[in-house]
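Small disclaimer: the values here were computed from a predicted structure and weren't measured. Values below: every heavy atom of this structure, side chains too, minus hydrogens, waters and symmetry copies.
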Amino acid sequence: MKIKFLGTGSAKTSLNRYHSSLLISSSNHNLLVDCGDGISKAILKQDIDFNSIDSVLISHFHADHYSGLPSLITQMKLFSRKNDLTILVHSSEKDFLKDFIFHSYLFTERMNFNLNIVSFDEGKEVVLADDFRFTSKLNSHLDKYKKYDKQNRLGFSSLSFLFEDNENSCIYTGDVGSESDLYLFEKQVRFYISEITHITPLALINLQQKQKPQILVLTHLDDETKEGLEVFNDKVLKSSEKYKILIAFDGLELNQST
């Protein structure tokens with residue numbers, strides 16, 4: 001498993017970081033996780049071939065996690081993509097996503113490749129390739145918005161993920177609503193990737209002590225939080241060598257040798 005951070009910023013637009021996005025690769029499948037505003041430029045900056053992306057997975061429907069999708073599909077069309085593209089979305093959001101793409105004037109009849117929108121349910125394993133799979137669980141990140149949905153139009157599907165291949169495993173929190181969302185998966189993993197905007201550093205230290213991932217990676221950063229996190233990380237590293245905490249940056253790569 002290889003993980004490349006294309007964007008490590010929060011919802012606040014930054015000149016230094018693109019919005020949250022990961023490219024997770026197994027031996028024969030490249031999965032793009034989240035695709036907010038600017039994703040197409042982020043992909044170009046990291047010298048990634050648009051056509052090498054096999055599928056796109058959306059954690060939830062906040063703009064910084066999905067709004068770049070129409071532009072991404074457009075770029076794939078302009079770069080003469082031929083191979084199929086699969087977009088993976090929670091079953092409660094499939095109809096909205098289909099309408100969103102349609103209302104972006106992206107018609108399948110005008111594309112040179114098949115665009116497949118595939119839905120999944122939380123708790124059920126999704127197999128992407130022989131050596132690559134994921135499982136999702138709902139977290140509480142969107143619960144605070146439910147009171148505004150008087151007509152029950154929204155799915156409120158904010159997801160955390162466990163990714164696995166034949167050698168490594170990774171938990172990605174997506175955006176969370178509370179500390180309890182950090183413990184949706186009990187599995188001890190090599191990489192634990194957590195957002196930092198909606199959770200405290202102390203909660204992540206508690207996570208490190210309880211769940212003991214080999215490497216904890218902090219992402220979804222505001223520009224103004226980076227300096228404080230570096231001080232925090234320095235203190236943690238000095239206090240105990242058993243913690244390995246990385247502050248993500250655009251272009252960071254994780255693999256077996258990390």
Side-chain angles (χ1 to χ4, degrees), residues 1-8 19-36 39 43 48 52-62 65-66 68-69 72 83-94 97 115-142 155-177 181-195 207 211 213-217 219-220 248 252-256 258:
M1 181 183 295
K2 179 180 176 182
I3 303 170
K4 185 165 184 134
F5 289 79
L6 305 186
T8 56
H19 293 300
S20 291
S21 184
L22 308 168
L23 185 66
I24 305 180
S25 302
S26 69
S27 61
N28 59 1
H29 193 95
N30 294 314
L31 172 69
L32 183 68
V33 182
D34 285 338
C35 50
I39 183 61
I43 289 171
I48 295 169
S52 70
I53 297 170
D54 298 300
S55 56
V56 179
L57 174 63
I58 299 174
S59 66
H60 66 291
F61 281 82
H62 267 153
H65 290 263
Y66 87 99
L69 182 61
L72 177 60
N83 50 312
D84 294 1
L85 177 69
T86 298
I87 303 174
L88 297 146
V89 63
H90 187 268
S91 56
S92 65
E93 304 287 7
K94 182 177 181 180
L97 182 60
L115 180 62
N116 305 312
I117 300 176
V118 176
S119 64
F120 61 87
D121 294 313
E122 66 277 7
K124 296 183 178 180
E125 186 177 80
V126 177
V127 177
L128 299 173
D130 291 342
D131 64 343
F132 192 24
R133 58 201 176 273
F134 74 84
T135 305
S136 64
K137 290 193 177 181
L138 290 169
N139 63 48
S140 64
H141 176 58
L142 298 178
F156 297 101
S157 55
S158 178
L159 297 162
S160 299
F161 300 97
L162 169 64
F163 299 102
E164 297 177 283
D165 64 10
N166 294 338
E167 297 178 339
N168 275 316
S169 55
C170 169
I171 290 173
Y172 174 54
T173 66
D175 286 1
V176 298
D181 288 333
L182 300 176
Y183 300 95
L184 296 176
F185 298 98
E186 296 180 358
K187 184 180 178 70
Q188 185 177 7
V189 295
R190 177 165 177 75
F191 304 116
Y192 194 114
I193 302 171
S194 176
E195 63 110 331
L207 169 74
Q211 200 145 342
Q214 293 182 35
I215 301 173
L216 176 61
V217 188
T219 189
H220 205 269
L252 173 66
E253 291 188 19
L254 304 176
N255 52 46
Q256 287 178 279
T258 300

Visitor: Hey, does I58 have a side-chain heavy atom less than 4.5 Å from the side chain of L88?
Guide: no
Visitor: Does the N139 side chain pair with the main chain of D175, one donor and one acceptor, at a distance under 3.5 Å?
Guide: yes
Visitor: Just verifying a value: how many Å separate I48 CD1 and I53 CD1, rounded to the nearest 0.5 Å?
Guide: 6.5 Å
Visitor: May I ask you to test the L23-K2 pair for a side-chain heavy-atom distance under 4.5 Å?
Guide: no
Visitor: Can you measure from CZ (F163) to CZ (F185) and round to the nearest 0.5 angstrom?
Guide: 8.5 Å
Visitor: Given H60 and S157, is the side-chain hydrogen bond (donor to acceptor under 3.5 Å, both in side chains) satisfied, shown in steps?
Guide: CA-CA 6 Å; H60 66 291; S157 55; over 6 Å; no
Visitor: Taking ring pair (Phe, Tyr, Trp, His ring centres under 6.0 Å) as the definition, give me every residue that meets it alongside H19, ordered by chain and number, with sequence neighbours left out.
Guide: none
Visitor: Holding to ring pair (Phe, Tyr, Trp, His ring centres under 6.0 Å), I want the full list of residues that pass it with F120, two or more places apart in sequence or in another chain.
Guide: F134
Visitor: Does N30 use its side chain to pair, donor to acceptor, with the backbone of S52 at less than 3.5 Å?
Guide: yes
Visitor: To the nearest 0.5 Å, what is the distance between CG on L57 and OG1 on T86?
Guide: 11.5 Å
Visitor: Evaluate side chain to side chain contact (heavy atoms under 4.5 Å, CB included) for F161 paired with I171, printing each intermediate quantity in order.
Guide: CA-CA 6 Å; F161 300 97; I171 290 173; over 6 Å; no
Visitor: Any chance CG of N116 has more than 12 other-residue heavy atoms, nucleotides or ligands included, within less than 6.0 Å?
Guide: yes
Visitor: Contact between L32 and D34 at the side-chain level, heavy atoms closer than 4.5 Å - yes or no?
Guide: no
Visitor: Answer yes or no: is there an ion pair linking R133 with E125, defined by an N-O contact shorter than 4.0 Å?
Guide: yes
Visitor: Rounded to the nearest 0.5 Å, what's the gap from OG on S136 to CG on D121? Could you check?
Guide: 8.0 Å
Visitor: Just by distance, do the side chain of K137 and the backbone of L184 share a donor-acceptor pair under 3.5 Å?
Guide: yes
Visitor: Would a 4.5 Å heavy-atom cut-off, applied to side chains only, mark V118 and V126 as touching?
Guide: no
Visitor: Is a side-chain N or O of T173 found less than 3.5 angstrom from the main chain of V176, in a donor-acceptor match?
Guide: no
Visitor: Tell me the closest heavy-atom pair linking Q211 and K187, and the distance in Å.
Guide: NE2-O, 3.3 Å
Visitor: Measuring from atom CG of L216 to atom CD1 of I193, what distance do you get when rounded to the nearest 0.5 angstrom?
Guide: 9.5 Å
Visitor: Determine yes or no for a side-chain-to-main-chain donor-acceptor pair under 3.5 angstrom, with Y66 supplying the side chain and S59 the backbone.
Guide: no
Visitor: Measure centre to centre between the rings of H220 and H65, then say whether the value is under 6.0 Å.
Guide: yes
Visitor: Return the CG to OG distance between D130 and S26, rounded to the nearest 0.5 Å.
Guide: 9.0 Å
